[in-house]
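First the structure, in the form of structure tokens, and then the observations on it.
Just so you know, these numbers use all the heavy atoms, side chains as well, and skip hydrogens, waters and symmetry mates.
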Amino acid sequence: ASAARADAATALEIAHAAAEVGMVPWVRSALAMLEHSLGDPAAAWAACEPLVDLVEQHGMGDPADFGFVPEAILALVALDELDRGEQLLSIWDKRARKLDRALALAMGGRCRAVIAAARGDLVAAEEAVADALREHKRVDTPIELGPLKQAPAQVEAEGRGRPRYLEIKAALVADIKAGAYPIGAL
């Protein structure tokens, strides 16, 4: 993990030095995913926060260029910042719907499920997972399906007030090792 963090810091330095600002969201998104996988939502939020501030102030374009947003939303939920997470999800969903981005809609559905579960509305959470799975059928991105398939476990855990990040991560890693998500092909 420390080597990945160092690589991310180097990538951010290079992106800034080369004025390649388009790379920054990708690097911060990858860093947030790393921190989530390690069960550290505060660090995931720290990776996303500077860009989230910009999105909240200025909006966003194509969700494909803003992959850090779902990571930020999940971090906010874990940090009990549900209202801010919901506001950010509203920005994400608006663009995803306007541009009809199925993968973004699926990712938004996962976030909506986790927010609903954190609020104790397990029925809405289950509906959001079902909606997200429906959207996901329109795309061919198996790596994104993994976290979505883990969403019911996270919904259940959030409903009990006990996020199970490490358990969810372990289940996803087991699925990847079993060949369910061919990340080597990405």
Counterpart residues, side chain to side chain contact (heavy atoms under 4.5 Å, CB included), relative to A104 (two or more places apart): P63, W92, A96, R101
I want to check something: taking the side chain as every heavy atom from C-beta on, are R95 and L99 in contact at a cut-off of under 4.5 Å? yes
Between E86 and R119 (salt bridge meaning N to carboxylate O under 4.0 Å), is one present in this structure? yes
Taking only Lys NZ, Arg NE, NH1 and NH2, and the carboxylate oxygens of Asp or Glu, determine whether R110 and D93 approach each other closer than 4.0 Å. no
For the residue pair R84 and V52, establish whether any side-chain heavy-atom pair is separated by less than 4.5 Å. yes
same_hphob_cluster(L54, F68) at 4.5 Å side-chain heavy-atom cutoff: yes
Does some side-chain heavy atom of F66 sit less than 4.5 Å from a side-chain heavy atom of L51? no
Point-to-point distance, once rounded to the nearest 0.5 Å, from SG of C48 to NE2 of H36: 6.5 Å
For A64, check side chain to side chain contact (heavy atoms under 4.5 Å, CB included) against everything at least two apart and list the hits. D62
State yes or no: do M60 and L105 share one hydrophobic cluster built from I, L, V, M, F, W and Y residues joined by side-chain heavy-atom distances below 4.5 Å, directly or via other members? no
What's the spacing between M33 CE and R28 CZ if we round to 0.5 Å? 14.0 Å
Tabulate below the donor-acceptor pairs under 3.5 Å that side-chain atoms of residues 6-14 make, not counting sequence neighbours, or state none.
unit_1, atom_1, unit_2, atom_2, d
T10, OG1, A6, O, 3.1

Taking all heavy atoms of A118 and all of L82, pick out the closest pair and write down the distance. CB-CD2, 3.7 Å
If I compare all heavy atoms of G22 with all of P25, which pair ends up nearest, and what's the gap? O-CD, 3.4 Å
Any ion pair linking D100 and R138 (charged N to carboxylate O, less than 4.0 Å)? yes
Q87: side chain to side chain contact (heavy atoms under 4.5 Å, CB included) partners, not counting sequence neighbours: none
Residues in side chain to side chain donor-acceptor pair (under 3.5 Å) with R5, at least two apart? E35
CG on L31 to CH2 on W26, rounded to 0.5 Å: 15.5 Å
Side-chain atoms of residues 70-81: list all donor-acceptor pairs with protein atoms under 3.5 Å, sequence neighbours left out, distances to 0.1 Å.
none

Hey, what do you get for OG (S2) to CG (L34), rounding to the nearest 0.5 Å? 9.5 Å
